[in-house]
S.K.: 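My questions will all concern the structure given below.
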Protein chains: 2
Amino acid sequence: MSALAAEPSAATHEDADRDAATKALVLTTAERLFAERGLRCVSVRDITAEAGVNLASVNYHFGSKDTLVFEIFRRRAAELSRDRARMLHEAQARHGGQAPVREILAALMAPPLLWSRPGHPRRIAMQFIIRARGEGGEAVREAVGKDVSHLRPFVAALIAARPDLPPEEVHWRLHFVLGMVHNNRVAEFERLHVLSEGLTRDGDTEALLNRMLDFAEAGFLR
Amino acid sequence: MSALAAEPSAATHEDADRDAATKALVLTTAERLFAERGLRCVSVRDITAEAGVNLASVNYHFGSKDTLVFEIFRRRAAELSRDRARMLHEAQARHGGQAPVREILAALMAPPLLWSRPGHPRRIAMQFIIRARGEGGEAVREAVGKDVSHLRPFVAALIAARPDLPPEEVHWRLHFVLGMVHNNRVAEFERLHVLSEGLTRDGDTEALLNRMLDFAEAGFLR
DNA sequence: TCCGCGTTCGAACGGACGTTTGAAGAGATT
DNA sequence: AATCTCTTCAAACGTCCGTTCGAACGCGGA
């Protein structure tokens, strides 16, 4: 752990794209490969070969493979949290500070669903996040487990929307909702389509979101 | 891939415990280690060392590490499915063939929850199943994804209980319920406890099951 | 021009892993 | 006792991986 290769240049503030095209190339290539094949099934050699850069680039720019994974995850997770927070804020603004349950849940559910749509610029990022949540190493798992700060505004909004419920109950119901959201993986959809023998067809994200909201809202308003 | 070591003895029917104590020991040790540390983080050497058997035992008795994983998973998953099916059958028997939604959902939710309780003989098995679902290789993933036959009785029961709903809608709602169930992992509970600052305390499985049933039933009866 | 610094490069290191091999052991059968 | 079969054993094989190393490169400033 002694001496680590110095962070290259670091530009003026934080944008490392200007001088290090290699670093940005590694970031995007790694994210895509990780999203496609999973974290463990993509080696540093796969990434550097696909990106057309030298093998040592990953360790030079990021220190280690784990750090690279964590770096990508940190950026994307923060981005997703911002998206959710913005939707919540908009909903609260629309209702004079007190958003109804359905719109709070929509702010929680919509971003990951929308990001997963084909053609969305964050589609790969969303797949990566899902992969990293399940397959990530110690660093990612800690980041996911301990950083719950972005959920606090949602808890507060839900408690305010249902002041008659014990806060304990609100937390449990939020847990159930998050379970519904996290279950929206490609493999699970395929499983559902096999089970329903083609009856359920994905692609209509709007309809799925409404179905989820109907279900979750009913559970929450009970 | 040519010649594979012959399956040892195979006893009279299928029970391989009589003559091969080693095989059974590998099975239980591997299941426990896999459940504790994850599939990728447990090597064949870890298993054989912990079990006190020779390194080659795994390949001799199971052919490969992947086959060993699949073997454990197949047994436990079948066991869980049987448990669920039995609960569903009992519920239907109680109501003259037509079980209400809540009891159908209980048959789906209760077994994995009960297995996870401290002290339950299938606690380790349940943790293994959860691990294998997420971290399993091609074989496990295919088994999970394609084998949906054990869910069909539940679909049929739910459609019968809510004949007014389009079958498509029933399938989607079942998908949501399964999301709730699959989210009951140790890491997620810890995350919830951090978020609620100790307000939510686990241990009371009965209460959690009732909470889940309340939530899911409301979403289903909507 | 020369120097310094950040970056890239090819090559290798050291280790962990799943798997294979061939011999040795054990127990029943002939 | 001899033979056969199933099982166990120690030792290694070959591969893939993350990481490190030292030299070369390119370029802006003295």
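Scope of the values below: all heavy atoms of this structure, side chains included, with no hydrogens, waters or symmetry mates. Protein chains get the first letters and strands the later ones, always in sequence-line order, with residue 1 at the start of each.
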S.K.: Can you check the Phe70(B) CZ to dG18(C) P distance for me, whole Å?
M.R.: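 So the CZ-P distance, Phe70(B) to dG18(C), works out to 19 Å.
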S.K.: Between dT8(C) atom C1' and Lys23(A) atom NZ, what is the distance in whole Å?
M.R.: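 Those two atoms, NZ and C1', are 16 Å apart.
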S.K.: Rounded off to whole Å, could you give me the NZ-to-P distance for the Lys65(A) and dG18(D) pair?
M.R.: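 The answer, rounded to whole Å, is 4 Å.
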S.K.: Could you tell me how far apart Tyr60(A) (OH) and dC25(D) (P) are, to the nearest whole angstrom?
M.R.: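 Interatomic distance, OH of Tyr60(A) to P of dC25(D): 17 Å.
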S.K.: Taking only N and O in the side chain of Asn54(A), is any of them less than 4.0 Å away from OP1 or OP2 of dG10(C)?
M.R.: yes
S.K.: Check the phosphate of dG18(D) against Asn59(A), side-chain N and O only, distance under 4.0 Å to OP1 or OP2. Yes or no?
M.R.: no
S.K.: Take the angle between the ring planes of Phe215(A) and Phe220(B) and call it parallel below 30°, perpendicular above 60°, tilted in between.
M.R.: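 Because their plane-to-plane angle is over 60°, the rings of Phe215(A) and Phe220(B) count as perpendicular.
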S.K.: Does NZ or CZ of Lys23(B) come closer than 6.0 Å to the centre of the six-membered ring of Tyr60(B), within 45° of the ring's axis?
M.R.: no
S.K.: When the nearest nucleotide of DNA chain C is assigned to Arg45(A) and to Gly52(A) on a heavy-atom basis, which residue is associated with the more 5' position?
M.R.: Gly52(A)
S.K.: Take Asp83(B) and Trp115(B) through the test side-chain contact (heavy atoms from CB on, under 4.5 Å) and record every step on the way to the result.
M.R.: CA-CA 10 Å; Asp83(B) 221 7; Trp115(B) 282 25; 3.0 Å; yes
S.K.: When the ring planes of Phe189(B) and Trp172(A) are compared, do they come out parallel, tilted or perpendicular, using 30° and 60° as the limits?
M.R.: perpendicular
S.K.: Whole angstrom is fine here: how far is it from CG in Leu55(A) over to C1' in dA12(C)?
M.R.: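 Value for this atom pair: 11 Å.
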S.K.: Tell me whether the side-chain N/O atoms of Thr22(A) come closer than 4.0 Å to OP1 or OP2 in dT8(C).
M.R.: yes
S.K.: To the nearest Å, how far apart are Arg40(B) CZ and dC17(D) C1'?
M.R.: 14 Å
S.K.: Select base, sugar-phosphate, or nothing to describe what Ser64(B) touches, counting heavy atoms under 4.0 Å on all strands.
M.R.: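 Sugar-phosphate, no base atom in range.
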S.K.: Can a side chain N or O of His61(A) be found less than 4.0 Å away from OP1 or OP2 on dT8(C)?
M.R.: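 Indeed, a polar side-chain atom of His61(A) lies that close.
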